[in-house]
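Have a look at the structure below before the remarks.
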Amino acid sequence: MSIFTISVKNQASYSANICLYQVYDELRNPSQVTYVWLSAPSVPHSGTVKFSWDTQMGFWWGNNLTDLTIKNMSIRSGQTVEAALPQLNEITLSRETNGGYLFSNPYPGKVHDSYTIMMDTSVMTEGPVLVGLAQNGYPVTAIEAHPNTRVAFQQQAQLYMTYGFLNTGEIIDPDMHMDYSVKLDFQTHSQLDVAISEKNQFRVTNTSMSKNRL
């Protein structure tokens, strides 16, 4: 399994978070949300921030029920199950009799080059449940769950970096942040060096390591 690394040298005019997010542009669903996948606080001129990860993907479901009448109480639940192409690339979401949700064990899907989630007839239409993908345990994208529905996610998303005040797991609007982001291309390299200038602009400065093909 390949390991990917980004090293960021920050010379921006203010302190903020360096954030990574993934865009699944082939997913045409009006309920789609994108999450900040990884983030780290950064102070300008204080050294290098480094992100490293592998390519382990997972199926993810989650909800977020917030009762604003009880001291902003937040109730969250969810599940992540490891996925693998092409042998374990499909999974089924069901609603148990007690109202909780549960993934099946993953199994080989009919479409070998994508990750597929099947929501069976027990899934509640009005339930605030999202299904999607996680990478290294952190959600990257999701859609609303609906009964008797199948959704397929493409194998590779486009990875972007932005600089702001979002944290890992928070929802980000790619359209609003695209002008303030840089696309990171790992097609031929496994390591990228990125610089944030004093004008708060990104620049990929080095792609020194050729990508290992395992």
Side-chain angles (χ1 to χ4, degrees), residues 1-6 19-39 51-62 78-94 101 103-120 123 129-146 148-162 168-175 177-178 181-192 194 204 207 209-214:
M1 186 175 294
S2 298
I3 301 295
F4 298 93
T5 301
I6 301 173
C19 304
L20 301 178
Y21 63 96
Q22 302 183 27
V23 174
Y24 285 78
D25 53 6
E26 295 180 12
L27 183 62
R28 308 297 182 186
N29 191 298
S31 69
Q32 180 185 5
V33 294
T34 299
Y35 296 96
V36 175
W37 171 43
L38 300 174
S39 70
F51 297 89
S52 294
W53 66 90
D54 61 35
T55 54
Q56 179 60 61
M57 300 299 297
F59 297 107
W60 176 85
W61 72 262
Q79 181 185 13
T80 302
V81 176
E82 288 189 0
L85 292 171
Q87 300 91 348
L88 302 174
N89 65 320
E90 186 165 338
I91 204 166
T92 299
L93 179 71
S94 300
Y101 284 86
F103 272 140
S104 68
N105 291 323
Y107 48 88
K110 295 181 180 179
V111 180
H112 301 303
D113 61 351
S114 64
Y115 300 97
T116 302
I117 299 176
M118 176 64 195
M119 293 147 274
D120 69 16
V123 173
V129 176
L130 298 171
V131 295
L133 294 182
Q135 186 168 357
N136 305 113
Y138 297 102
V140 293
T141 191
I143 65 165
E144 293 179 356
H146 293 281
N148 199 29
T149 303
R150 175 181 274 104
V151 60
F153 299 87
Q154 68 202 65
Q155 180 177 352
Q156 292 183 334
Q158 297 177 2
L159 179 62
Y160 290 87
M161 176 183 291
T162 192
T168 298
E170 293 185 333
I171 293 175
I172 184 172
D173 186 336
D175 292 335
H177 288 81
M178 198 59 65
S181 302
V182 62
K183 184 179 178 180
L184 302 171
D185 186 359
F186 284 97
Q187 292 298 315
T188 58
H189 291 79
S190 60
Q191 177 177 316
L192 298 179
V194 179
V204 179
T207 56
M209 292 185 62
S210 296
K211 183 177 179 182
N212 293 323
R213 299 188 179 276
L214 300 180

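For the single chain, residues carry numbers from 1 onward in sequence order.
- Tyr107 OH to Met118 CE: the interatomic distance, rounded to the nearest 0.5 Å, is 7.5 Å.
- Applying the ring-ring contact (aromatic ring centres under 6.0 Å, His included) test to Tyr35 and every residue at least two apart in sequence or in another chain returns Trp60.
- The CD atom of Gln158 lies 10.5 Å from the CD atom of Gln156; values are rounded to the nearest 0.5 Å.
- Under 3.5 Å, the side chains of Asp120 and Ser94 contain a donor-acceptor pair of N or O atoms.
- Counting only residues at least two apart or on different chains, no salt bridge (Lys or Arg N to Asp or Glu O under 4.0 Å) pair has a member in residues 133-142.
- Shown here are the side-chain hydrogen bond (donor to acceptor under 3.5 Å, both in side chains) partners of Ser104, two or more places apart in sequence or in another chain: there are none.
- Phe59 places none of its side-chain heavy atoms less than 4.5 Å from the side chain of Leu88.
- The CD1 atom of Ile143 sits 7.5 Å away from atom CD1 of Ile117, with the distance rounded to the nearest 0.5 Å.
- The distance from the CG atom of Leu130 to the CD1 atom of Ile171 is 7.5 Å, given to the nearest 0.5 Å.
- For Trp61, the side-chain hydrogen bond (donor to acceptor under 3.5 Å, both in side chains) partners at least two apart in sequence or on another chain are Gln79.
- Residues passing the side chain to side chain contact (heavy atoms under 4.5 Å, CB included) test with Asn105: none are found, sequence neighbours excluded.
- Contacts of Tyr21 classified as ring-ring contact (aromatic ring centres under 6.0 Å, His included), with partners at least two apart in sequence or in another chain: Tyr160.
- Taken from CD in Glu144 to CE in Met119, the straight-line distance is 11.0 Å, to the nearest 0.5 Å.
- Taking all atoms of both residues into account, the shortest heavy-atom contact from Gln56 to Ala83 is NE2-O, 3.1 Å.
- By the neighbour-count criterion of 12 heavy atoms within 6.0 Å, atom CD of Glu170 is densely surrounded, having more than that number from other residues, nucleotides or ligands.
- Within the 3.5 Å criterion, the main-chain N or O of Val111 finds a donor-acceptor partner in the side chain of Asn89.
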side-chain contact (heavy atoms from CB on, under 4.5 Å) between Val123 and Val131, worked out: CA-CA 11 Å; Val123 173; Val131 295; over 6 Å; no
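- A distance of 3.5 Å separates OH in Tyr115 from CG in Leu85, rounded to the nearest 0.5 Å.
- Annotation: side chain to side chain contact (heavy atoms under 4.5 Å, CB included) contacts of Thr116 (sequence neighbours excluded): Glu90, Ser114, Arg150, Ala152.
- Summarising the geometry of Thr80 relative to Gly58, their closest heavy-atom pair is CG2-CA, 4.4 Å, with the distance given to 0.1 Å.
- Residues meeting the side chain to side chain contact (heavy atoms under 4.5 Å, CB included) test with Gln154, sequence neighbours left out: Tyr24, Asp25, Glu26.
- The side chain to side chain contact (heavy atoms under 4.5 Å, CB included) search around Asp175 returns Asp173, not counting sequence neighbours.
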Considering only distance and modelled atom types, tabulate donor-acceptor pairs under 3.5 Å from the side chains of residues 132-140, sequence neighbours left out.
residue	atom	partner	partner atom	Å
Gln135	OE1	Gln22	NE2	2.8
Gln135	NE2	Asp54	O	3.0
Asn136	ND2	Asp54	OD1	2.5

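- Scored by the side-chain hydrogen bond (donor to acceptor under 3.5 Å, both in side chains) test, Ser39 finds Thr168 as partners (sequence neighbours excluded).
- Partners of Thr141 according to the side-chain hydrogen bond (donor to acceptor under 3.5 Å, both in side chains) rule, which considers only residues two or more places apart in sequence or in another chain, are Gln32.
- Contact check for Leu184 versus Leu20: side-chain heavy atoms found under the 4.5 Å cut-off.
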